Colleague: 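Following this message is one structure expressed as structure tokens.
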Amino acid sequence: MSCPRFFSKTATEVVAHFVDSTEEFINLCSKGHLKEAVNRFKSEIWSDPTLFSHLIQSCTLKKSLSCSKQLHSLIVTSGCSSNNFICNHLLNMYSKIGQLQTAVTLFGLMPRRNIMSCNIMINANEQSGDLESARKLFEGMTKRNIATWNAMVAGLVQFEFNEEGLRLLSEMHQVGFLPDEFTLGSVLRGCAGLRGLDAGRQIHCYVVKGGFELDLVAGSSLAHMYMKSGSLVEGEKVIRLMPVCNVIAWITLIAGKAQNGLAEDVLDQYNLMRMVGFRPDKITFVSVISSCSELATLGQGQQIHAEVVKAGASLDVGVISSLISMYSRCECLDDSVKAFLECEYSDVVLWSSMIAAYGFHGKGEEAINLFEQMEQKEFEANDVTFVSLLYACSHCGLKEKGMEFFDLMVKKYGLKPRLEHYTCVVDLLGRCGYLDEAAALIRNMPVKANAIIWKTLLSACKIHKSTDMAGRIAEEILGHNPQDAAPYVLLSNIHASAKRWQGDSELREAMRERNVKKEPAKSLRLLLLNTPAGVPIRVMKNLRVCSDCHVAIKYISEIKNREIIVRDASRFHHFRNGKCSCGDYW
DNA sequence: ATAGGGTTAG
């Protein structure tokens with residue numbers, strides 16, 4: 001049997017030729033050779049206008065406005081500009097190359113818009129930051145598909161209207177749409193933003209029900225939600241159950257551990273990740289450097305800095321902000337400054353990091369100077385910036401400046417002071433000897449006091465040898481936690497330094513009566529005996545060593561010539577022969 | 001179409 005013949009070719013040959021040439025045309029488009037594609041396949045395009053879609057997609061990737069305009073004119077000349085399919089592609093192109101206005105005009109001219117057209121415009125408006133227009137479009141739609149709901153949920157979450165995103169999920173469910181992996185990814189991100197563990201667990205049920213547990217995106221989002229909401233165990237479980245992990249799943253786990261304070265585990269996990277063969281990227285570096293910063297492990301920090309440079313990630317503001325903090329906490333302020341100055345693009349967080357670094361090193365003037373420069377450059381300071389700035393002022397005894405900034409924060413920036421801000425101000429007033437004002441502030445502030453803020457005041461009493469007030473304050477702290485040894489110890493030291501031995505022995509009696517015990521520092525002593533001089537020690541968790549500094553000291557920074565350097569949140573303690581540089585024995 | 005990050009008081 002022979003095939004019918006078209007001219008000199010069989011039908012099969014014609015089809016084969018057609019498939020071949022379409023393939024070649026698509027190939028040219030995907031490589032960006034638009035002119036060649038148009039010239040060689042003019043007749044094919046004219047007979048099948050849907051082929052224009054490939055040209056449009058190529059133009060979208062090129063992000064070239066002139067290319068897009070030429071192509072658009074060509075489409076108009078070909079007479080298929082009323083084709084919905086082509087029009088939707090054009091809408092998408094204009095929105096992706098940042099020509100929202102053109103897309104809006106085109107959308108307005110379309111005679112028969114379909115759901116797809118509206119979906120594209122919802123996404124386009126969201127991407128250009130206009131959530132309201134997206135919402136209006138969404139609300140005006142009589143028919144929606146799953147992508148419509150997904151676009152709106154994603155937009156709401158993107159602009160941190162997380163609760164509303166969750167509400168929309170239940171609304172879509174009510175009208176009969178089951179969430180897919182895209183919806184779930186978005187709402188889980190919303191739950192993470194809300195630290196909403198309960199809502200997140202409910203979404204987890206949807207994930208299981210839809211069979212998306214093993215989906216990389218849904219799985220990572222789920223794990224991220226758990227870890228951001230403080231449930232590291234559940235998050236880790238989700239990741240471990242995933243049969244295939246990619247870089248993002250790894251980093252989700254690493255970042256989760258970093259955020260939950262497991263800095264040591266972060267470094268282990270990071271090394272493991274590299275052994276398995278994943279390449280770290282800038283987001284990995286940020287998490288890892290922050291952990292080095294928390295541990296004050298300079299050597300590891302420097303090594304990772306080198307890797308950052310090698311990976312070409314050294315220009316990222318996020319990476320640089322974490323480097324500034326790491327070097328500052330490792331006593332290398334010069335390197336912090338260097339990193340700060342080398343940064344080409346800057347933002348609030350970068351400036352805040354540098355202000356914090358100066359404050360950490362007791363350089364109040366420099367911190368203030370930087371803040372003023374920041375204001376001149378019209379960067380909007382945030383609440384964290386002010387914590388660092390106030391901290392810098394209090395550590396340098398700059399009372400007037402500090403109070404001025406506190407005022408500025410409330411009045412000019414409209415920020416509501418948090419407990420951290422009040423603690424800085426109490427420290428500021430207390431250090432400068434305004435003990436009564438500091439106490440009054442704690443009693444009158446609109447947020448609930450915690451033991452830390454009272455302890456801050458107690459330290460100030462110690463500096464100014466005010467035993468009477470210290471006694472009253474110690475009672476208040478013990479009201480928060482009667483078993484806390486720190487106020488007794490502080491009070492005892494205050495009595496001792498004021499040479500009131502009577503008060504001191506009464507206090508020790510009270511401690512015995514209430515069965516309060518001060519933790520001995522056995523572990524540190526053992527470490528010192530068993531570790532050869534000059535060997536760096538990485539981390540010791542929950543180590544209490546210095547009772548005089550009244551802060552739980554957590555990390556050993558290094559051991560040099562049998563001298564141990566320990567870091568707490570605000571300063572370095574040098575221990576030699578069992579004696580701390582701040583004067584206390586352990 | 002969708003996922004992961006940086007600065008913060010004692």
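Predicted model only: the values in this text are computed from it and were never measured. Throughout, a chain's letter reflects where its sequence line sits, starting with A, and its residues are numbered from 1.
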Colleague: Write out all pairs satisfying salt bridge (charged side-chain N to carboxylate O under 4.0 Å, His left out) with one or both partners inside residues 342-363 of chain A, taking only residues at least two apart or from two chains.
Modeller: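 For residues 342-363 of chain A: none.
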
Colleague: Once you round it to whole Å, what is the distance between P of B:dA9 and CE of A:Met445?
Modeller: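 So the two atoms are 17 Å apart, to the nearest Å.
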
Colleague: A:Met409 has an atom CE; how far is it from atom P of B:dA9, in whole Å?
Modeller: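 One finds 14 Å between P of B:dA9 and CE of A:Met409, rounded.
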
Colleague: I need the full list of salt bridge (charged side-chain N to carboxylate O under 4.0 Å, His left out) pairs touching residues 420-431 of chain A, with sequence neighbours left out, sorted by first then second residue.
Modeller: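 Residue pairs with at least one partner in residues 420-431 of chain A: A:Arg418-A:Glu420, A:Asp427-A:Arg431.
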
Colleague: The criterion is salt bridge (charged side-chain N to carboxylate O under 4.0 Å, His left out); which residues satisfy it with A:Asp334, sequence neighbours excluded?
Modeller: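 Scan of A:Asp334 (salt bridge (charged side-chain N to carboxylate O under 4.0 Å, His left out), adjacent residues dropped) gives none.
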
Colleague: For A:Leu429 and B:dA9, what is the distance between atoms CG and P respectively, to the nearest whole Å?
Modeller: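 Roughly 18 Å, once rounded to whole Å.
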
Colleague: Rounded to whole angstrom units, what separation is found between the CG atom of A:Asp427 and the C1' atom of B:dA9?
Modeller: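 It is 8 Å, rounded to the nearest whole Å.
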
Colleague: Could you verify whether a donor N or O on one side chain and an acceptor N or O on the other, from A:Gln300 and A:Tyr270, lie under 3.5 Å apart?
Modeller: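 No donor-acceptor contact under 3.5 Å links the two side chains.
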
Colleague: Whole angstroms only, please: what is the CZ-C1' distance between A:Arg418 and B:dT7?
Modeller: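 Interatomic distance, CZ of A:Arg418 to C1' of B:dT7: 11 Å.
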
Colleague: Treat primed atoms plus P, OP1 and OP2 as sugar-phosphate and everything else as base, then score nucleotides 1-6 of chain B 5' to 3': B for base contact with protein heavy atoms under 4.0 Å, S for sugar-phosphate contact only, - for none.
Modeller: BBBBBB

Colleague: With sequence neighbours left out, write down each residue that passes salt bridge (charged side-chain N to carboxylate O under 4.0 Å, His left out) with A:Glu372, or none if nothing qualifies.
Modeller: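 Once residues adjacent in sequence are excluded, the partners of A:Glu372 under the salt bridge (charged side-chain N to carboxylate O under 4.0 Å, His left out) criterion are A:Lys401.
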
Colleague: Rounded to whole Å, please give me the gap between CG in A:Leu415 and P in B:dA9.
Modeller: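 Interatomic distance, CG of A:Leu415 to P of B:dA9: 17 Å.
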
Colleague: Between A:Leu428 (CG) and B:dA9 (P), how many Å, whole number?
Modeller: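 Taking CG of A:Leu428 and P of B:dA9, I get 15 Å after rounding.
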
Colleague: Of all residues at least two apart in sequence or in a different chain, which pass the salt bridge (charged side-chain N to carboxylate O under 4.0 Å, His left out) check with A:Asp215?
Modeller: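 Testing A:Asp215 for salt bridge (charged side-chain N to carboxylate O under 4.0 Å, His left out), a comparison that skips the adjacent residues, returns none.
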
Colleague: Rounded to whole Å, please give me the gap between CZ in A:Phe360 and P in B:dT8.
Modeller: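 Between P of B:dT8 and CZ of A:Phe360: 9 Å.
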
